[in-house]
Amino acid sequence: MRIVTSDQMKQIEKAAALSGLSYYDMMENAGAAAVQSILRKINTNQKRILVYTGKGNNGGDGFVAARLLCNAGANVKVILVDGEPRTEDAITNINLVRTLNIEVFDLIKDIDKITVLLQNVDIIVDAIYGTGFLGELRQNAKQAAQQINTAIAAVFALDLPSGINADNGELSEDAVFADFTIAFDSLKPAHFVYPAAEHCGVIECADIGIAPQCHDYIDLSFYHITEEQVFTNIPQRPVNSNKGSFGKLLNISSSFGMTGAGRLSVLGAQRVGTGLVTLAAPRSVIAIHAAALTEAVFLPLSENDKGSISKEAIPQIADKLKEASACLIGCGISNNEDTAAVTEFIIKNAKCPLLIDADGINALCRNINVLYEAKAPVVLTPHPAEMARLLGISTAQLLVRKVELGREFAVKYRVVLVLKGANTLIFTPEGTTLVNTTGNSGLAKGGSGDILAGMIAGFMAQGIPAEQSAECGVYLHGKAADLCAARLSKTSMMPSELLEDLCILFLEHGR
Ligand SMILES: NC(=O)C1=CN([C@@H]2O[C@H](COP(=O)(O)OP(=O)(O)OC[C@H]3O[C@@H](n4cnc5c(N)ncnc54)[C@H](O)[C@@H]3O)[C@@H](O)[C@H]2O)[C@H](O)CC1
Ligand SMILES: [K+]
């Protein structure tokens, strides 16, 4: 699955044009592919169809679709949202529409007629804006989008629902909600990023005749995580091996009242095959963990009067850190001066890859620049509220710009950033973005993040590079949750139960 930005799409189209496929033909193919997609779902004969068109090439695709739908026996009307088209190929195509006597209305001047048409419409084609859209919908386009969003009709968006930034999914107010989106040639980041992805409905990617080699020189920066790639990252377990072959994870987690977080993170690491997991936790909670975690070993730590790790524990931790092949800090450690000091110490001193989760991230908010002092790769796994806290903005402000902000952060602080949520995003220090599409709302429960942190850290402990560990952890966590939901339901499944389904996935892949 190829995901390209709007600029990259332009380069691909240019390469196609140089190789002999004209822009006019690409537009014809795009409109035709959209009509084929509609015809596969709905018999359009005698159906009342409104095609909303903008002034650019997306509108041009709409004119092609209008002509071909008319030829297929539908009752088609075209609505110009921004007046007459401005691009050469779109102008040619509106002229063809007019020669077929398809009625063309102006959104503003013909509002009364359009209001009547909207009472009885079966299908709406949204061809107002595609990859050329930036910023906010203007008043007229908002009005058109409101008409589309309130009409009782099947809505097909061409390339993208109008009002969405293709490259990062930023949404304008009143952006179109489509039932189906037909993406042209390649998918765009916005098709994957929530909440924009919700506006797309069912997404199809249509071939518009661009030869495969026209994509060869594009340096992709946005990837979809696949199962094949995930298992390429996970080596077979050698026959001649012992627990030392699969890494030692030092997991600094848990506090009084939050022992579940520590336990789940240990289980996550163990279930991805880590050789040995040491849980370093406040002394008073060790007995609770020892009763539940048969295969782990424990490092009882000095604690403060709140039952969380005290800074007095730093020498103990430092000693154990020397043996670790990876370190995880944060699941349920509580957020206070002591845990912040421990987190800082770990960041400054760990020579092995480090994963910082939950309260470890909250501790970072006190001094984010400590990340510049890390000596080994660092992975952060915030949920949106934690990420927003790190950035000093509101969660709402983060969510409308999460792709930009996530990418900037990972590059600036040289970390792998796992921004959790529906379609979790992974940002790398090199500026690449990975999107994961496994997982479901059954994961939206306390405990699932702790399992994920343990899984990623467990892969890191086994020597899988930080970025690939994040990729494997996020994908498998979601996929196991999908299997778990299929047998237990999204509503009832418990995060800990997905660990059983993880076994099935490893079995299927001969691990
Ligand atoms: N290149 C080709 O020949 C092909 C393109 N395809 C389709 O074309 C669009 C991209 O077309 P483009 O003309 O670049 O942009 P749009 O049609 O998406 O719209 C751009 C149009 O709108 C203006 N604009 C941008 N933001 C706003 C705003 N907030 N308010 C108002 N107006 C705005 C902008 O200035 C332009 O004038 C692509 O998605 C495909 O659908 C074909 O697929 C094949 C060949
Ligand atoms: K569109």
Side-chain angles (χ1 to χ4, degrees), residues 4-19 21-35 37-38 50-66 78-94 107 124-145 148-149 155-167 170-191 196 199-201 203-210 214:
V4 308
T5 61
S6 47
D7 269 351
Q8 291 169 338
M9 193 61 233
K10 278 201 191 101
Q11 293 170 41
I12 293 167
E13 284 163 353
K14 197 171 170 191
L18 288 170
S19 75
L21 179 71
S22 69
Y23 284 103
Y24 178 85
D25 287 340
M26 285 182 247
M27 187 174 280
E28 182 69 21
N29 294 346
V35 171
S37 167
I38 296 172
L50 293 180
V51 183
Y52 281 77
T53 57
K55 60 181 181 281
N57 288 324
N58 194 252
D61 300 342
F63 299 135
V64 173
V78 167
I79 298 171
L80 301 179
V81 175
D82 281 331
E84 290 292 321
R86 314 277 166 86
T87 70
E88 191 185 336
D89 296 327
I91 294 169
T92 310
N93 275 299
I94 194 173
L107 183 83
I124 291 178
V125 175
D126 163 23
I128 311 174
Y129 304 116
T131 51
F133 179 79
L134 284 175
E136 282 290 311
L137 290 170
R138 299 205 190 114
Q139 196 45 44
N140 53 333
K142 265 190 192 171
Q143 196 179 329
I148 296 172
N149 289 343
V155 177
F156 289 81
L158 303 196
D159 214 10
L160 287 158
S162 300
I164 296 178
N165 179 317
D167 297 343
E170 280 173 34
L171 281 174
S172 162
E173 195 185 341
D174 287 322
V176 167
F177 273 97
D179 298 299
F180 301 93
T181 293
I182 303 117
F184 298 133
D185 181 72
S186 304
L187 291 161
K188 320 294 174 321
H191 293 126
H199 284 248
C200 298
I203 301 167
E204 280 173 39
C205 188
D207 183 353
I208 61 165
I210 300 179
C214 297

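Sequential numbering from 1 along the given sequence is applied to the chain's residues. Read the numbers this way: they start at 1 and go in the same order the structure lists the ligands and their atoms.
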Residue [X] vicinity, atoms of ligand 1 by number, heavy atom under 4.0 Å:
{"X": "Gly56", "result": "13 (O), 17 (O)"}
{"X": "Leu134", "result": "25 (C), 26 (N), 27 (C), 28 (C), 29 (N)"}
{"X": "Thr131", "result": "9 (C), 10 (C), 18 (O), 38 (C), 39 (O)"}
{"X": "Met26", "result": "44 (C), 45 (C)"}
{"X": "Tyr23", "result": "1 (N), 2 (C), 3 (O)"}
{"X": "Tyr129", "result": "18 (O), 19 (O), 22 (O), 30 (N), 31 (C), 32 (N), 33 (C)"}
{"X": "Gly130", "result": "16 (P), 18 (O), 39 (O)"}
{"X": "Ala30", "result": "43 (O)"}

*Work out the angle at the K ion (ligand 2) between O of Leu160 and O of Leu158, rounded to 10°.*
70°

*Rounded to 10°, how many degrees is the angle OD1/Asn58-the K ion (ligand 2)-O/Tyr129?*
70°

Just wondering, do [Y] and [X] contact through their side chains at under 4.5 Å, heavy atoms?
{"X": "Asn29", "Y": "Leu21", "result": "yes"}
{"X": "His199", "Y": "Leu171", "result": "yes"}
{"X": "Val155", "Y": "Val125", "result": "no"}
{"X": "Asp159", "Y": "Tyr129", "result": "no"}

[atom]: the protein heavy-atom neighbour that sits closest, reported with distance to 0.1 Å:
{"atom": "atom 1 (N) of ligand 1", "value": "Glu13 OE1, 2.9 Å"}
{"atom": "atom 15 (O) of ligand 1", "value": "Gly132 CA, 3.3 Å"}
{"atom": "atom 23 (C) of ligand 1", "value": "Lys55 NZ, 3.9 Å"}

Can any side-chain N or O of [X] pair as donor or acceptor with the backbone N or O of [Y] at less than 3.5 Å?
{"X": "Thr5", "Y": "Gln8", "value": "yes"}
{"X": "Asp126", "Y": "Ser162", "value": "yes"}
{"X": "Asn140", "Y": "Val81", "value": "yes"}
{"X": "Asp185", "Y": "Asp207", "value": "no"}
{"X": "Thr53", "Y": "Gly59", "value": "no"}
{"X": "Thr131", "Y": "Ser6", "value": "no"}

_For a quick check under 3.5 Å, do Asp25 and Ser22 share a side-chain donor-acceptor pair by atom type?_
yes

*Asp82 bridged to Arg138 by N-O distance under 4.0 Å*: no

*asked:* Can you tell whether the side chains of Glu173 and Lys142 come within less than 4.0 Å, N to carboxylate O?
replied: yes

Heavy atoms only, cut-off 4.0 Å: how does [X] contact ligand 1, side chain, backbone, both, or neither?
{"X": "Met9", "answer": "neither"}
{"X": "Phe184", "answer": "side chain"}
{"X": "Asn58", "answer": "both"}
{"X": "Asp159", "answer": "side chain"}

_With a cutoff of 4.0 Å, is Asp89 in contact with ligand 1, counting heavy atoms of the residue only?_
no

*Of the choices Asp61, Asn57, Thr87, which has the non-hydrogen atom that lies closest to atom 40 (C) of ligand 1?*
Asp61

*Min N/O separation Glu136 to ligand 1 under 3.5 Å*: yes

*Of all the N, O or S atoms in Asp126, which one sits nearest to the K ion (ligand 2)?*
O

_Distance flag for atom 36 (C) of ligand 1, protein heavy atom under 4.0 Å_ = no

